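Below, chains carry the letters A, B, ... as their sequence lines are ordered, and counting in each starts from 1. Remember, it's a predicted structure, so these values are computed and weren't measured experimentally.
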Amino acid sequence: MAFGKGCHLHLIDGSAYIFRAFHALPPLTRKSDGLPIGAVSGFCNMLQRYIDGNNGSDAPTHVAVIFDKGSHTFRNDLYDLYKANREAMPEDLRPQIPLTREATRAFNIACEEIEGFEADDIMATLARQAREAGGRVTILSSDKDLMQLVGDGVDMLDPMKNKRIDREGVIEKFGVPPERVVDVQALAGDSVDNVPGAPGIGIKTAALLINEFGSLEDLLDRAEEVPQPKRRQTLIEMREQIELSKKLVQLDDRMALPFSLDDLEVRPPEPEKLMAFLTQMEFRTLTRRIAESLGIEAPAIPDTTPEGANPDTDAPPPPPVAPEAYECVRDMVALERWIAQARDRGWVAFDTETTGLNEMTCDLVGVSLCVEAGTACYVPLAHRAPGADDLFGSSELLEGQIPMDRALAALKPLLEDPAVLKIGQNMKYDAKVMARYGIRIAPIDDTMLMSYAMNAGLHGHGMDALSERYLSHTTIPIKDMIGSGKAQITFDRVGIEEATKYAAEDADVTLRLWQSFKPQLHRVQVTRVYEGLERPLVPVLTEMEMAGIKVDRNVLSRMSGAFAQKMAQLEEEIHQLAGEAFNVGSPKQLGEILFDKMGIEGGKKGKTGAYATGADILEDLATEHELPRRVLDWRQISKLKSTYTDALQDHINPDTGRVHTSYLIAGANTGRLASNDPNLQNIPVRSEEGRRIREAFVADEGKVLVSLDYSQIELRILAHMADIPALKEAFREGQDIHAMTASEMFNVPLDQMTPDIRRQAKAINFGVIYGISGFGLARNLRIPRAEAQGFIDRYFERFPGIRQYMDDTVAFAKEHKRVETMFGRRIHTPEIGAKGPRAGFAQRAAINAPIQGTAADIIRRAMIRMPAAIAGLPARMLLQVHDELLFEVDKAAAEDLIGIARDVMEGAAEPVVKLDVPLIVDAGQGANWAEAH
DNA sequence: AAATTCACG
DNA sequence: GACGTACGTGAATTTC
């Protein structure tokens with residue numbers, strides 16, 4: 001039936017339905033795989049209720065559900081801050097968006113959306129068309145932005161309150177009739193959509209003014225006549241902003257639509273299609289109820305699926321990975337098609353190929369995208385002919401590649417689109433590479449971090465291993481592309497066809513892993529860990545790593561020279577003492593000199609049969625002999641020179657003059673970060689000589705380095721977790737914890753404490769954190785083993801809760817094959833049931849992990865909150881060293897920074913965890929890291 | 001590539 | 001009665 005006189009059009013505001021459904025309902029997940037499904041369920045319920053309510057005389061002849069699509073509309077072109085303060089879509093809602101489209105179609109209701117337009121504009125256009133054709137319109141929404149459409153033959157219906165809004169209702173709400181609503185909105189502005197309006201004027205004042213002057217235009221033209229001086233001034237000065245606001249709130253009812261009113265005719269339900277969708281969603285009650293109302297038998301829904309099953313129980317299994325099938329994207333038309341597909345889905349797996357492993361120095365060679373298992377492409381951007389170098393080591397780009405700038409310009413809106421989730425494996429790498437090309441990828445998911453949150457301690461989290469383990473698929477080795485060793489080439493020299501298979505496979509595998517992991521996160525109950533402690537760290541670390549820290553090459557190079565001299569001198573003395581020249585750096589040769597030639601008592605070690613010559617052994621020998629002392633000195637300097645003063649210089653980035661480390665988020669089993677390339681978490685500090693290396697880490701001109709570190713954080717956590725009243729009390733009183741321990745253990749009053757007794761207690765305190773043993777403590781303190789064991793026994797007697805904690809933790813580990821931090825991070829302990837020496841090892845690791853891991857979680861929380869907290873200061877967070885954060889800040893703002901950052905760190909456990917002991921942060925500042933620490 | 005050593009928390 | 005032995009990392013060097 002053609003739309004015309006007597007017809008009645010219903011327009012359903014789909015996006016409003018979804019958000020209502022999402023926020024009104026408790027989170028609900030699909031039983032078989034944990035897919036969040038609450039909003040879809042609520043959405044279906046609302047649609048069903050809508051259909052049930054349509055039996056009256058007022059039933060529609062035409063109906064459509066209208067959705068928003070894309071985040072960029074013509075309003076963003078008018079005003080780039082339009083809807084800028086809108087919060088990101090909740091993670092659990094995102095995957096449900098496409099499902100609501102499916103649901104609408106399953107109900108056999110027309111479902112319309114147009115890229116780059118808001119649903120409101122489509123509804124405005126349809127409403128106008130319907131009126132002009134002589135029909136009536138009802139808009140099912142409560143959105144006040146739509147009230148401007150109400151009028152002769154058009155009204156609104158709030159589906160939740162079942163309240164009809166007509167002309168009178170609009171006047172009640174806005175104080176003006178519908179045709180003046182935009183004028184009021186233009187003046188009042190809208191904080192939700194970030195429409196500026198006129199400052200100081202709200203809806204009430206706006207309505208007053210519009211009623212008095214007749215229209216916005218008249219008001220602005222005759223603003224001089226407004227009696228209130230402040231108001232008058234605002235209207236005159238802000239005229240442009242007000243006019244812009246009107247353009248933002250004015251709906252476009254003249255859109256060109258690719259469909260007509262006739263296409264929206266009400267269609268009878270198709271029970272099979274609807275039932276298929278509802279059962280796939282596993283809506284038991286809803287399926288039964290709708291089946292009843294349709295007068296058919298409700299299909300059975302399988303109860304549940306086995307662990308590790310494919311998430312889409314009703315969907316066919318994904319196709320096997322087939323690298324030959326991947327598309328190579330060589331022109332803009334094809335690229336735009338892929339981008340559109342990604343937008344349609346709301347997610348895309350993304351991967352970059354580069355010329356190296358260092359994100360700060362490598363060049364982008366190509367990117368790959370995957371929108372569905374098996375449907376992936378590679379976009380080559382900078383491949384070159386193999387070997388055909390010119391004098392400067394470069395060659396012409398190969399034909400058939402989209403120019404880099406054009407491709408990136410097309411990809412940027414997608415990669416930055418808040419409505420499209422970008423899925424990666426180790427996304428920090430890709431985020432850093434793309435950031436150097438001016439693209440800030442967001443929002444993201446990361447399969448490496450998902451694996452880490454679920455399976456830390458069980459296996460590694462690299463893509464090849466994950467693919468093997470969870471997809472039973474062996475990925476193409478990178479060696480097949482670039483070779484290895486001396487003949488290794490960079491990825492830009494790999495043939496484009498070969499590269500397509502390799503690169504697109506990575507994106508394909510990443511997407512498949514994501515589809516498998518995403519529902520598992522819920523099932524395993526680590527969603528909070530992943531979303532709260534892993535994923536948010538990616539942008540924070542990206543910023544820190546790209547900021548880098550300034551290192552003074554001259555300081556290092558001067559020290560290097562001095563070290564070389566000292567080493568040469570020591571080497572000569574060592575050779576003389578040995579009576580022959582040998583390589584002091586060779587433990588094997590040193591062992592032979594010491595134990596064979598010089599005949600010192602000592603033993604072989606390990607299956608290699610080599611003598612052990614570690615520092616502790618040489619330390620013992622040093623009391624009797626001179627040579628070992630010199631070797632120890634030589635080794636210390638050699639270490640400082642090779643690892644620090646020399647190697648560090650090679651890490652100074654020529655472009656920035658700074659050193660950019662890279663943090664591994666999923667490196668350490670306990671939740672700690674690890675730093676590499678270079679490791680800036682092990683810069684010397686314990687020895688006076690080594691400490692001076694920190695003088696080379698400097699603040700930029702006009703700035704200082706600020707260091708804040710948690711005091712005794714692991715002992716505090718132990719005191720809380722093991723619930724030791726004496727320790728908790730001591731921390732609350734701000735006492736010297738090691739002196740207190742010594743006093744308790746050895747019955748020495750605090751005022752008679754000696755440094756030596758305190759030192760022993762300190763060693764015991766640390767030993768407890770590591771899972772103490774008599775042997776280990778004896779070796780550490782260099783005392784007889786029996787005496788060490790005596791200390792431990794006494795410690796457990798004085799603090800019986802410690803033993804209890806250790807026993808409980810090991811028992812928990814044995815039962816669950818894992819332990820947990822206070823924030824729910826899981827650390828697996830597969831070796832806990834082992835026999836022999838490995839048993840003790842696994843038990844100590846299990847005892848230590850919750851303590852070390854909880855401390856790691858706390859500083860992660862501080863780091864995640866830090867950027868927002870210090871946003872107003874001229875400061876940057878540069879480094880994390882487990883319990884320390886290092887900042888660079890303008891001199892004048894150093895104290896402000898210390899105050900704010902300290903508050904963030906000391907309060908980082910809250911509100912999730914309330915510790916019985918305070919967290920205390922010490923701070924320092926200076927021109928270099930040695931001074932700041 | 002493995003083993004050894006040593007820097008850090 | 002013997003086994004080994006403090007927790008977590010990364011990097012440079014030598015040796016196989």
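Comparing the same atom, C1', in dT5(B) and in dA2(C) gives a spacing of 28 Å after rounding to whole Å. The same atom, P, is picked in dC3(C) and in dC6(B); the two are 26 Å apart, to the nearest Å. Taking atom P on both dA2(B) and dA6(C), the two are 23 Å apart, rounded to the nearest angstrom.
Taking each heavy atom of Glu884(A) and Ser707(A) in turn, the nearest pair found is OE2-OG, 2.8 Å.
Using a distance-only test at 3.5 Å, with no hydrogens or angles considered, no donor-acceptor pair links the side chain of Gln735(A) to the main chain of Ile737(A).
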- Using a 4.0 Å cut-off on protein heavy atoms (strictly under), produce a 5'-to-3' string for nucleotides 1-9 of chain C with B for base contact, S for backbone-only sugar-phosphate contact, and - for none. ----BBBBS
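Rounded to whole angstrom, the span from the NE2 atom of His651(A) across to the C1' atom of dA7(B) amounts to 14 Å. Here dT13(C) presents its P atom at 13 Å from CD of Glu571(A), a figure rounded to the nearest Å.
Classification of the Phe595(A)-Tyr611(A) ring pair by plane angle, with boundaries at 30° and 60°, yields tilted. Aromatic ring orientation, Trp929(A) versus Phe697(A): perpendicular (interplanar angle above 60°, classes split at 30° and 60°).
Here the options are Lys641(A), Glu572(A), Arg635(A), the test is side chain to side chain contact (heavy atoms under 4.5 Å, CB included), and the partner is Met567(A); only Lys641(A) passes.
When side chains are defined from C-beta on, Val881(A) does not count as touching Leu680(A), because their heavy atoms never get closer than 4.5 Å. Between Arg860(A) and Ile665(A), some side-chain heavy-atom pair lies under the 4.5 Å cut-off. When side chains are defined from C-beta on, Asn358(A) does not count as touching Asn653(A), because their heavy atoms never get closer than 4.5 Å. Two residues are said to be in side-chain contact when any heavy atoms from C-beta on lie closer than 4.5 Å; Asn682(A) and Tyr644(A) meet this criterion. Side chains of Leu705(A) and Val698(A) form no contact here, defined as non-hydrogen atoms less than 4.5 Å apart.
Using a 4.0 Å heavy-atom cutoff across all strands shown, Glu714(A) reaches no nucleic acid atom at all.
The stretch residues 630-647 of chain A comes close to DNA chain B through Arg635(A), Gln636(A), Lys639(A), Tyr644(A), each having a heavy atom under 4.0 Å from the strand.
Taken to the nearest 0.5 Å, the CD1 atom of Ile478(A) stands 8.5 Å off from the CG atom of Leu357(A).
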- Task: Dot-bracket notation for DNA chain C is requested: 5' to 3', Watson-Crick or G-U wobble pairs only, both distances under 3.5 Å, with ( ), [ ], | and . as defined.
- Result: ......|||||||||.
